[in-house]
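Notes for the one structure printed next.
Side chains included, hydrogens not; waters and symmetry mates left out as well; all remaining heavy atoms used.
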Amino acid sequence: MKSLHFILLVISLCSSATYAQSVPWKITQPAWTELHEKQFGEFVQEIGKAVEARKCNSVESCLRSSANPYYKSDPAGLNYYADCADLPYYLRAYFSWKNGLPFSVSSKIEAVPDDEAGSFLGAFKPARDVRYSSKGNMVVERYDVIVKTRLFKKPIYPNALSVLNGVVAGYTFSANFRILGNIDSKDLFTDFYSVKVTRSGIRPGTVIYDPNGHVAIVFRVADDGHVFYIDAHPDNSLTMGLYTPKFVRSRPEHGAGFKRFRPISLVGADRTSTGLYEGGKIVGTPNTQLADYGLEQYYGTNPDPRGAWNKGQFKIKGNSVGYYDFVRMSLTLGEQHIDPLSDLSQLLDDVCVSLLDRVQAVEGARQNGIDLKPHPERLPYNIYGTDGEWENYSTPSRDARLKVSFMDVLEQTKRNIDLYKKGDRTIRYAGTNLAQDLYDIYAKKAMACQFSYKTTSGKTVMMNLEAGRQRLFDMSFDPYHCIELRWGARIPEELASCQDDSNKRQWYDQERWLRNQWERRYDARMDYSLPELRGPLPGAGIADTPDVDIVSYLRSQM
C-alpha cells in the first residue's frame, strides 16, 4: 500500500494538473504555541468521541461529520485517507492547514547501524526494514510546508491538497515513530519527543507507538487514569481502544510508548502587509525547552544502576508496581489506587469494542469476494506486515491484539486478587467476596456484548463476548477462508454453508499454529506452502494456546 501512496506523492509533486484545483496553504501563525497544542488536542478529542459513540467509523466519515469543525470549508478533491501510521500526521497536517500554521515531516528515515547480533527478544526484523530496525532509526531529510520566496513578485504557496493527499501518505509510515528522539538536532530534528507520564504529557493529541508496527493517537484520559485512543487501518476504518499491554514495551531506541508532536516555529520569514508569512525556515523546539519531556517510561522512576532499561522499577508512593499500573495510577485524578471491579469492567468494554470492530473488518473481506478466491500457494513473507489483498483484508495483527487483551483480562484479574489477598494498600475494594463480584461483572458484560455475523447462506449467528473468548484461537485471520471459519465456527450446523474446498480447509487446519501465536513476530519468515506448514516453525506459530479462561479461574477463587 505504501508504494502506491509514494507514486501518488510523486505525481502530486511533479504535475500541477494532478488535482482539479490548487488550494494555497497560507501561514498566518508562525509558531505552534501551547494554545495551539490544546486546540489540536480538542480537535482530536471530538473525533475520538464520535468514534466512541459509533457516529462514524472511518477517516472519511469522521472528517466529513459534525465532529470536524472545519469540514464545511474543505475544497473538492481532498482524499480523506489514512492508515495507522498516517493518521497522527494527517490530523496534524489538516489542523495546521486550517489554522494557518507551518507543518514539517521527516521525509527520509534510515536505520541506526546495527552492530549487535539479533535484537531484544528476537521480536523485530533486521535493520534492512526500517519499520522494525533493531536499534531504531534516525532522520536523514525533512520536508517543510512553507511559502517559497517570491517568483516574479508572487509567493509560491504549497498546495494543501498535494500535502494531504500525497506528502503525508508518501512520507509517513511506522518507521517515522521508531526513534527515541533524546538527542537534539538543529536541522534534522525528530517529529516527536518522549513525554513524562503525567496528565500534561499524556493528553488528547499524544501519540502511542507500538514497536510491532502499530500507531494510535490519544483522544481521552479518564479520571481513573485509563487512556483511550483512536487508530486507523488499511481499509480506512477508524476504531477506538483502551491502552493496555497490547501496546508492548521495548528497548528505548525503538521509541515505543507515548510521544507528542514536537512544536515547530517558522523563523526568518517576512510578514506581508496582509499578515501572511513568506520564506523562512522551520525549526523544532529542543527537548531542553519542553516541560513535559521525559524518559521515565523507558527506564522507570528508579532506573537500574547498571543501565538495563527493562530492570528499572516503577514506584508509586514507595511501592513497586508494574509499568501499565504505573501509567494508570500516575494519570489518576485524586488518590492513586486500583479498583479491581472498575478495572475489569473497562477491560471488558475494550475487548467488546475490538470484537465489534472485527465484525466490520471481516465483513469487508466477504463483501469484496476475497473469501471466494482460491487460496494462494504460499502465505506472505510475513503475515503481520505485507501489502495487497492480505494487508487490506486479513486480520492477524488485529486478532493478535485481541488475544493479548483477553490474556490481559485474566492476568490483571489474577494480579488484583493476589494483591487484595496480601492486603496491598493500592487495592480499593469494600466488598466481602472479590472473586464473586468479579465473576458477576464478567457474566454481565459478556452477555451485554452482543454481535452477529451472517453465514454464507444468509443465516444470522448471534455471538457475545464469552463466545468470542471460547472461539478466540479458532477464528481465522486468513481472508481467503469462508465467513464461518473467520468466526471460528465449530458446530456442524453452523459450518454447513461454508463453501471452502478441501484445500482451503487444510490451510485452516494447518494455520492453527499461527492462530495460537499472540506475539507479532516481524523477524520471522512465514511464506510457507501448505506442505511446509506442518507445525510450529522458527518464529511462526506455537503448539499450545495461552490461557484466557477467566471463567474457570474466578470459579476456582470463589
Residues forming a side chain to side chain donor-acceptor pair (under 3.5 Å) with Thr274, sequence neighbours excluded:
Thr272

Stepwise side chain to side chain contact (heavy atoms under 4.5 Å, CB included) test for Tyr277 and Asp270
CA-CA 6 Å; Tyr277 288 83; Asp270 296 322; over 6 Å; no

Would you give the length of the straight line joining atom CG of Leu164 to atom CG of Asn79, rounded to the nearest 0.5 angstrom?
9.5 Å

Is the centre of the Tyr381 ring less than 6.0 Å from the centre of the Trp390 ring?
no

Under 6.0 Å between ring centres: does that hold for Phe192 and Tyr89?
yes

Which pairs with one or both residues in residues 393-404 pass salt bridge (Lys or Arg N to Asp or Glu O under 4.0 Å), sequence neighbours excluded?
Arg358-Asp399

How are the rings of Phe261 and Phe40 set to each other: parallel, tilted or perpendicular (split at 30° and 60°)?
perpendicular

Decide yes or no on salt bridge (Lys or Arg N to Asp or Glu O under 4.0 Å) for Arg260 and Glu37, but give the supporting numbers first.
CA-CA 10 Å; Arg260 293 187 58 80; Glu37 297 293 348; 3.5 Å; yes

Below 4.0 angstrom, N of the basic side chain to O of the carboxylate: do Arg203 and Glu34 qualify?
yes

Can you sort out the partners of Phe477 under ring-ring contact (aromatic ring centres under 6.0 Å, His included), two or more places apart, ordered by chain and number?
none

Flag this pair as yes if the NZ/CZ of Arg220 is under 6.0 angstrom from the six-membered ring centre of Phe228 and inside a 45 degree cone about the axis; otherwise no.
yes

Do we see a donor-acceptor contact under 3.5 Å between the side chains of Asn137 and Ser133?
yes

